[in-house]
Amino acid sequence: MTIRAATDTPPPSAECTVAQRPEYADLHRVCRQAEDVPLPHGSGLLLMRRCGRTCHARPGEVA
């Protein structure tokens, strides 16, 4: 297990990781991890981090 700083780029989602293979390139558009999902009542903890691919970056943000 690797511990990462909060400023590190999040890893790509499972869909985007598989979509890097040419035969699965269409999978990238089904990625649903475009936003961080907070843990309810988690005081800022994340249930799921957003995908780290640059195509999912918010305007003005470098992913």
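Note that the structure is predicted; figures quoted are calculated from it, not measured.
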Heavy-atom donor-acceptor pair, D36 side chain to R50 backbone, under 3.5 Å = yes
Pair listing, salt bridge (Lys or Arg N to Asp or Glu O under 4.0 Å) test, anchored in residues 9-22, at least two apart | E15-R32, R21-E23
When you look at M48 and Q33, which way does the side chain to side chain contact (heavy atoms under 4.5 Å, CB included) test go after all the steps?
-> CA-CA 8 Å; M48 182 173 59; Q33 289 179 237; 3.6 Å; yes
For T17 and P12, which heavy atoms make the closest approach, and how far apart are they?
->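 Answer, listing the atom of T17 first, then P12: OG1-CG, 3.6 Å.
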Residues joined to V30 in its hydrophobic cluster, side chain to side chain under 4.5 Å directly or through other members, sorted by chain and number, are V18, Y24, L27
